[in-house]
S.K.: 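After the structure tokens below, expect a handful of questions from me.
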Amino acid sequence: MFEELKQRVYEANMSLPEYGIAPFTWGNASEIDREAGVFAIKPSGVAYTALKPEDIVVLNMNGEVVDGTLNPSSDTPTHLELYKAFPSLGGVVHSHSEFAVAFAQAGRDIPAYGTTHADFAYGDIPCCRALTKEEIEGEYEKNTGLVIAEHFAKNNLDPKAIVAVNVKSHGPFAWGKNAKEAAKNAATLEIVARMALKTELLGGKERVDNNLLDKHYFRKHGENAYYGQKLN
């Protein structure tokens with residue numbers, strides 16, 4: 001019934017180990033069909049080497065399985081809360097990629113040190129607060145999504161311009177217009193995190209000039225973007 005959606009989500013999930021950001025079963029990708037009121041996600045704990053398109057699980061916006069026989073990812077409630085909080089999101093990826101996780105474990109934002117980062121996101125990638133004891137012992141995965149949404153609302157961040165986030169002591173979530181783009185953004189996040197750490201190891205600590213940040217971000221994003229080819 002949702003074969004095309006499941007195929008796209010399968011392909012996005014399979015790209016995560018190819019990008020080197022999801023060893024073992026440490027990651028998941030999802031995509032939402034807002035018109036149909038459903039989203040599809042990787043099943044829980046299934047190795048990428050064994051994953052098949054028909055294994056992808058489809059759920060409604062109440063978190064109820066409507067297509068699939070396997071248990072959905074344990075992170076499903078987080079994805080669902082992000083879709084509810086951010087109407088612009090079409091796909092979400094969670095990973096435990098090494099360098100992004102390092103910043104999460106340090107409880108630090110990933111600074112925008114240069115133009116590579118500026119091409120990707122319009123400013124630092126934030127690290128939101130740790131969950132409280134009550135949030136952990138309650139609906140943990142749902143509360144993870146709520147904490148991310150809280151951070152963006154509190155700090156007036158635009159999820160279309162800041163396309164990823166770290167959760168303190170946990171790891172990164174990234175998103176995009178679909179699962180494929182979310183996977184690419186998750187991989188790009190890992191690259192800029194690695195670059196940021198190496199910059200600091202070399203003694204660098206000065207963020208990219210705001211004029212240069214604007215130039216690089218807006219030449220790739222927004223109505224006046226001119227990077228790449230315009231296809232009819």
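Just so you know, these numbers come straight off a predicted model, no measurement behind them. FYI, side chains are in, hydrogens and waters are out, and symmetry mates aren't considered; it's all heavy atoms of this structure.
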S.K.: Could you tell me which residues satisfy side-chain hydrogen bond (donor to acceptor under 3.5 Å, both in side chains) with S169, sequence neighbours excluded, listed by chain and number?
M.R.: none

S.K.: Give me each pair satisfying salt bridge (Lys or Arg N to Asp or Glu O under 4.0 Å) with a member in residues 147-168, each pair once, sequence neighbours excluded.
M.R.: R129-E150, D158-K160

S.K.: Just to verify, what does N71 make a side-chain hydrogen bond (donor to acceptor under 3.5 Å, both in side chains) with, not counting sequence neighbours?
M.R.: none

S.K.: Is there any ring-ring contact (aromatic ring centres under 6.0 Å, His included) pair reaching into residues 122-141, and which pairs are they, with sequence neighbours excluded?
M.R.: Y122-Y217, Y122-F218

S.K.: Holding to side-chain contact (heavy atoms from CB on, under 4.5 Å), I want the full list of residues that pass it with A106, two or more places apart in sequence or in another chain.
M.R.: R108

S.K.: Which other residues belong to the hydrophobic cluster containing M195, where Ile, Leu, Val, Met, Phe, Trp and Tyr are joined when side-chain heavy atoms lie under 4.5 Å apart, directly or via other members?
M.R.: I191

S.K.: Can you name the side-chain hydrogen bond (donor to acceptor under 3.5 Å, both in side chains) partners of Y226, sequence neighbours left out?
M.R.: K215

S.K.: Can you sort out the partners of N62 under side-chain contact (heavy atoms from CB on, under 4.5 Å), two or more places apart, ordered by chain and number?
M.R.: N60, E64

S.K.: Quick one: ring-ring contact (aromatic ring centres under 6.0 Å, His included) pairs with a partner in residues 44-83, sequence neighbours left out?
M.R.: F39-Y83

S.K.: Can you pull out every side chain to side chain donor-acceptor pair (under 3.5 Å) where at least one residue sits in residues 1-17? Sequence neighbours excluded, please.
M.R.: K6-D67, Q7-E11, R8-E31

S.K.: Taking only residues two or more places apart in sequence, or in another chain, which ones meet R207 in a side-chain hydrogen bond (donor to acceptor under 3.5 Å, both in side chains)?
M.R.: D124

S.K.: Can you list every salt bridge (Lys or Arg N to Asp or Glu O under 4.0 Å) pair that touches residues 35-54, not counting sequence neighbours?
M.R.: K52-D55

